[in-house]
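Inspection log for the structure reproduced underneath, given as structure tokens.
Note on naming: letters A, B, ... go to the chains in the order of the sequence lines (proteins, then strands), and numbering restarts at 1 for each one.
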Amino acid sequence: MCGRYSFALSEGQVKEHFNNVEIAHLWRTSYNIAPTQHAFVITNDQPQKLQYLAWGLVPYWSNDGKNKGKLINARMEGIESRPSFRMPIREKRCLVLADSYYEWKQYGTQKRPYRIMLNNQPLMVMAGIWDAWNQGGYLVKTFSIITAPSSPDVAHIHSRMPVILDTKEKQAAWLGNINLSEIKRILGSLEANRLKSYPVSAKINSTSYDEPENHVEVPEIPDLFS
DNA sequence: CCAGACGTTGTT
DNA sequence: GTCTGG
DNA sequence: CCAGACGTTGTT
DNA sequence: GTCTGG
């Protein structure tokens with residue numbers, strides 16, 4: 001799945017990739033982005049600017065925000081018929097900007113975090129959906145990251161992963177007017193050998209630990225049972 | 001019909 | 001064990 | 001995702 | 001808003 005990620009790139013890198021996109025918020029980077037926190041996305045209705053939205057989709061029909069913080073991921077399988085996602089997947093798609101995501105691998109009763117990124121570019125764009133709900137007169141926009149079965153590259157770490165849009169063509173299409181079959185095709189289009197990964201310090205477990213150290217590789221623990 | 005959920009992950 | 005907060 | 005709380009009363 | 005369960 002994708003329950004933690006990082007975005008520590010420069011404004012210049014992002015403006016260059018997205019053709020001088022407007023940055024409608026104070027520039028923020030983080031080595032440890034957690035659910036409920038805000039992060040940069042580009043939505044299909046305003047593709048010319050970066051927006052800073054809360055991670056954890058709250059559907060437009062929510063009166064009380066009871067699902068707040070729960071809908072951080074949306075499974076691509078059957079997404080078109082889920083009450084919370086059926087409208088957003090058709091009308092409210094977004095690009096979620098990252099440089100890597102973190103995944104915890106189970107070792108018996110222990111867990112160890114890994115960093116996963118594209119093997120040939122610093123920017124990792126994940127496929128998201130967004131929505132806006134009315135919280136007592138304020139329009140609050142939130143987003144969720146779509147997940148898929150893991151690529152063989154990272155299946156040894158975890159069985160699911162975020163959908164990664166690894167080309168500008170896919171990113172543009174994701175924000176365009178496309179139909180459901182095109183949407184599903186893009187969601188399943190990541191080829192093999194596009195990702196690399198390595199273990200990182202368990203200091204990232206703490207959401208308040210937002211340091212460059214989170215990107216530093218640590219030694220692999222020998223598997224006693226292999 | 002109304003009431004209540006609406007999600008993912010992993011584990012049993 | 002399960003929920004909430006980050 | 002993980003970490004940390006998980007409760008009440010009364011007082012500051 | 002829309003689906004599922006009773």
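With both ends at atom P, the span from B/dG10 to D/dC1 equals 7 Å, rounded to whole Å. Separation of the P atoms belonging to C/dG5 and D/dT8 is 16 Å when rounded to the nearest angstrom. For the P atoms, the distance from B/dT12 to D/dC2 is 16 Å, rounded to whole Å. Here the separation of B/dC6 from C/dT4, taken at their P atoms, is 14 Å to the nearest Å. With both ends at atom P, the span from E/dT2 to B/dT9 equals 26 Å, rounded to whole Å. Spacing between B/dT11 and D/dA3 at atom P, rounded to whole Å, works out to 16 Å.
The nucleotide range of DNA chain D contacted by chain A, defined by atoms under 4.0 angstrom from heavy atoms of the protein and reported 5' to 3', is D/dC1 to D/dA3.
Considering CE of A/Met161 and OG of A/Ser151, their distance stands at 5.5 Å, rounded to 0.5 Å.
At the heavy-atom level, A/Gln106 lies under 4.0 Å from the strands shown only through sugar-phosphate atoms. Note on A/Tyr102: nothing from the nucleic acid sits closer than 4.0 angstrom, heavy atoms only. The residue A/Phe85 sits close only to the backbone: its heavy atoms come under 4.0 Å of sugar-phosphate atoms, none of a base.
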**OP:** Take A/Ser150 and A/Ser159 through the side chain to side chain donor-acceptor pair (under 3.5 Å) test and state the conclusion after the steps.
**Re:** CA-CA 5 Å; A/Ser150 275; A/Ser159 64; over 6 Å; no

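Within residues 137-162 of chain A, no residue is approached by DNA chain E to less than 4.0 Å at the level of any non-hydrogen atom.
Partners of A/His158 under the ring pair (Phe, Tyr, Trp, His ring centres under 6.0 Å) rule, at least two apart in sequence or in another chain, do not exist in this structure. With sequence neighbours excluded, the residues satisfying side-chain contact (heavy atoms from CB on, under 4.5 Å) with A/Thr142 are A/Ala54, A/Leu57, A/Val58, A/Trp133, A/Val140. Under the side-chain contact (heavy atoms from CB on, under 4.5 Å) criterion, A/Thr43 pairs with A/Val41, A/Asp45, A/Gln46, A/Gln51, A/Leu53, A/Cys94, A/Trp130, not counting sequence neighbours. For A/His25, the ring pair (Phe, Tyr, Trp, His ring centres under 6.0 Å) partners two or more places apart in sequence, or in a different chain, are A/Tyr52. Here A/Glu91 pairs with A/Met87 under the side-chain contact (heavy atoms from CB on, under 4.5 Å) rule; sequence neighbours left out. A search for side-chain contact (heavy atoms from CB on, under 4.5 Å) contacts involving A/Lys168 returns A/His17, A/Gln171, not counting sequence neighbours.
For the pair A/Trp174 and A/Leu95, the minimum side-chain heavy-atom distance is below 4.5 Å.
Not a single donor-acceptor pair under 3.5 Å links the side chain of A/Asn119 to the backbone N or O of A/Lys196.
Checking A/Arg160 against A/Thr147 by side-chain atom types alone, a donor-acceptor pair falls below 3.5 Å. In this model, a donor atom of one side chain and an acceptor atom of the other lie less than 3.5 Å apart for A/Glu220 and A/Tyr114.
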Restricting to nitrogen or oxygen on both sides, can you table the protein-nucleotides 2-6 of chain C pairs closer than 3.5 Å?
{"from": "C/dG6", "atom 1": "N7", "to": "A/Pro35", "atom 2": "O", "distance (Å)": "3.3"}
{"from": "C/dG6", "atom 1": "N7", "to": "A/Thr36", "atom 2": "OG1", "distance (Å)": "2.9"}

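A salt bridge (Lys or Arg N to Asp or Glu O under 4.0 Å) check over residues 173-184 of chain A, counting only residues at least two apart or in different chains, returns the pairs A/Glu80-A/Lys184. Residue pairs satisfying the salt bridge (Lys or Arg N to Asp or Glu O under 4.0 Å) criterion with at least one member in residues 112-139 of chain A, sequence neighbours excluded, are listed as follows: A/Asp99-A/Arg115.
Every stem involving DNA chain D, taken as at least 3 paired positions in a row under the Watson-Crick or G-U wobble test at 3.5 Å, is listed here: C:1-6 with D:1-6.
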